[in-house]
Amino acid sequence: MTDLHRLSIRELSEGLAGAKFSSRELTEHYLKRIAKLDTQVKSYVTVTAEQALAQADAADAAIKAGTATALTGVPIAHKDIFCTQGIKTTAGSKMLDNFISPYDATVVAKGKAAGLVTLGKVNMDEFAMGSTSENSFYGATANPWNLGHVPGGSSGGSAAAVAADLAPFATGTDTGGSIRQPASFCGLTGLKPSYGRVSRFGMIAYASSLDQGGPMARSAEDCAYLMNVMAGHDAKDSTSVEKDVDDYVANLNGTAVKGLRIGIPKQYFNVAGLDADVKARVEESLKKLEEMGATLVEIDLNMTEAYVPTYYLIAPAEASSNLQRYDGVRYGYRAENSVDLMDLYKRSRSEGFGAEVQRRILIGTYALSAGYYDAYYVKAQKVRRLIQQDFLKAFESVDVIAAPAAPTTAYKIGANLSPVEMYLGDIYTIAVNLAGLPAINAPVGFDKDNLPVGLQLIGNYWSESQLLSVVHQYQQATDWHTKRAAIAEENA
Ligand code: GLN
């Protein structure tokens, strides 16, 4: 079959179970596509062809033996922030260019246990800091919809790989939008789960109170399959919740949209810099949901102006602490010929970290320093609580909250926005992480340059199933999620 890459996860699952094709055939098909097309997209940092084929053969044996799960033999790409035993894990950094983890992240281990086949590790902004994937030591990844544009970030490699059909789905992480914004820029569905729903064990830390892994795929249904694997309590992550997981696939069909109260925050649609096409597509999608039985309710989220300053204190503060471990001693990059220990630290960190990471370590260290701690870090924590309360108040009168995922569509590669301009682009995503809420991006059309636009729906705690099923029903009634970039239409 030449069009295996067009099949949904459900179709792949059924096809493998019904022996219409083998996991080896499917895996070879994807490896061939990667070899041919990823020279243009540059989504993979590492392709693990040999291991993938061995996993595919094991999957085929399991299917024959009747011991397969729903996903046995389905290929996946992992963001290069998830530790993979025996395979390089770089976090997009020179600091970890030679790092081979001695263990698997829980998300990776669960994927293996479910029979997923790892195609490789995909590109990202260094330590997940960025919105374009250009902050990677391995260079920029291209947006499959227009190779001159970025795929977004930090999970840009995950988004680009799926949008170019170089993987059927991928893992991502979201500290301040890094699943939702690249999903939006690449026309995909991506779910950021509630904080604590997915284990962070073995996921390289950026800002630990915000970091959360989640699925990136073409549709809500595809994401639901991956959520069934990723979600759940993990004794190795003390912040993961001991709460039953839903069967996200089984829950997709229901009457999620009928009677759904969707909050429309006044402040969100008056943000300076909100692109007219993005606004129009989002409004059209809300109209469609209204036709399907939802009610639109105008709400206030009064803390909107505080989102960017609060996130850009808390995230760098936590990052400066988390990144102290990269000192050139036990693992990671080490500068040559240092004259003493201080020189070793200084040079290893100056040479090993890129500019954006260094900027954030400086900001974060400053905010945490003795004389400024109360004025910056403590104050930001207080504002963070107010932001959370603002959402909880809104959820007293609505079920979900609608927003764009980003104020614009994908930037041009090399657009070279100032750090502050770049940070302002995170306005719609970061409050969700500060509050620990779940949120989903769904593709809802294109701008005048044929770049995808995304609708974000924010839910109350643990409402992942509801978000997936609302988007699933929207996707049953529309076809934006089936549109493919020209490069995805190419055969290998
Ligand atoms: N743009 C955000 C940042 O740079 C994205 C972070 C993320 O979600 N990893 O911090």
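All ligand and atom numbering here is 1-based and tracks the order in the structure.
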Is Y311 in contact with ligand 1, taking contact as a heavy-atom separation below 4.0 Å? yes
Electrostatic pair D300-K266, nearest N-O below 4.0 angstrom: yes
Answer with yes or no whether A315 contacts ligand 1, where contact means a heavy atom under 4.0 Å from a ligand atom. no
Atom 6 (C) of ligand 1: nearest protein contact (heavy atom, Å): S178 OG, 3.2 Å
Mark up the atoms of ligand 1 that fall under 4.0 Å of a heavy atom belonging to S154, in ascending order. 9 (N)
Nearest-0.5 Å distance that lies between atom NE2 in H472 and atom CG in L467: 14.5 Å
Would T175 and Y311 count as a side-chain contact (heavy atoms from CB on, under 4.5 Å) if you check the C-alpha gap in whole Å, the side-chain angles of each, and the deciding distance to 0.1 Å? CA-CA 10 Å; T175 303; Y311 173 86; 3.9 Å; yes
Got an N/O contact under 3.5 Å between D174 and ligand 1? no
Are any of the N or O atoms of A128 closer than 3.5 Å to those of ligand 1? yes
I would like to know whether N146 and N450 meet side-chain hydrogen bond (donor to acceptor under 3.5 Å, both in side chains); could you show each step before the answer? CA-CA 8 Å; N146 181 329; N450 201 37; over 6 Å; no
Show the atoms of ligand 1 that are less than 4.0 angstrom away from any heavy atom in T175. 7 (C), 8 (O), 9 (N)
Under a 4.0 Å threshold between the charged nitrogen and the carboxylate oxygen, would D80 count as salt-bridged to K88? no
Ion pair D165/R218, N-O distance below 4.0 Å: yes
When you check the gap from the basic side-chain N to the acidic O, do D104 and K112 get nearer than 4.0 Å? yes
May I ask you to list the atoms of ligand 1 that are less than 4.0 angstrom from any heavy atom of Y312? 1 (N), 2 (C), 3 (C), 4 (O), 10 (O)
Answer yes or no: is there an ion pair linking R281 with D447, defined by an N-O contact shorter than 4.0 Å? no
Numbered in order shown, the ligand 1 atoms found under 4.0 Å of a heavy atom of G130 are 1 (N), 2 (C), 3 (C), 4 (O), 5 (C)
Taking side chain to side chain donor-acceptor pair (under 3.5 Å) as the criterion, tell me which of S158, S133, S131, S154 meets it with S178. S154
Taking both backbone and side-chain atoms of G176, is any N or O found less than 3.5 Å from an N or O belonging to ligand 1? yes
Should D426 be counted as touching ligand 1, given the test is an N or O pair under 3.5 Å? yes
Sub-4.0 Å heavy-atom approach of R360 to ligand 1: yes
What are the atoms of ligand 1, with element, lying closer than 4.0 Å to any heavy atom of M129? 4 (O)
